[in-house]
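For reference, the structure is listed below as structure tokens.
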Amino acid sequence: RWTLGPMHDDVQRAQSAGVRVAFWTLDDPTFIDAFLTATSPNGILTNRPSLVVNRFERVGTLPSAPMREP
């Protein structure tokens, strides 16, 4: 949940175990930037997808952990 913050360590631990991580519902640019700079989620659920894409292109990075196939 976004209300718990980016949870960098938890996200990193989950991704290292091959789990994909997504946050919901991020609609505010300030929160989107905070999550994209503090961690590298595999997905973000939002009501403003074009804003998320724009912010990801400016401040985001791809997750470093390899993801296993379902």
> Do V59 and L26 belong together in a cluster built from hydrophobic side chains that touch within less than 4.5 Å?
Replying inline: yes

>> Restricting to side chain to side chain donor-acceptor pair (under 3.5 Å), what partner residues turn up for N47, sequence neighbours left out?
In response: D27

> Considering residues at least two apart in sequence or located in another chain, which fulfil the side chain to side chain donor-acceptor pair (under 3.5 Å) criterion with S50?
Replying inline: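 With sequence neighbours excluded, S50 shows a side chain to side chain donor-acceptor pair (under 3.5 Å) to no residue whatsoever.
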
> Excluding sequence neighbours, so at least two apart, what forms side-chain contact (heavy atoms from CB on, under 4.5 Å) with V11?
Replying inline: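 V11 satisfies side-chain contact (heavy atoms from CB on, under 4.5 Å) with Q15, V21, F23, T39 once adjacent residues are dropped.
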
> How would you list, by chain and number, every residue that makes a salt bridge (charged side-chain N to carboxylate O under 4.0 Å, His left out) with D10, sequence neighbours excluded?
Replying inline: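 By the salt bridge (charged side-chain N to carboxylate O under 4.0 Å, His left out) rule, D10 matches R13.
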
>> Testing the basics here: between P6 and A34, what is the closest heavy-atom pair and its distance to 0.1 Å?
In response: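 What the structure gives for the nearest pair is CG-O, 4.0 Å.
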
> Which residue pairs pass the salt bridge (charged side-chain N to carboxylate O under 4.0 Å, His left out) test with at least one member in residues 33-55, sequence neighbours excluded?
Replying inline: D33-R55

>> As an exercise, state the distance from OG1 of T25 to CZ of F31, rounded to the nearest 0.5 Å.
In response: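 T25 OG1 to F31 CZ: 12.5 Å, rounded to 0.5 Å.
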
> Side-chain contact, heavy-atom cut-off 4.5 Å: P49 with I44?
Replying inline: no

> Heavy-atom distance under 4.5 Å between the side chains of L51 and T46, does that happen here?
Replying inline: no

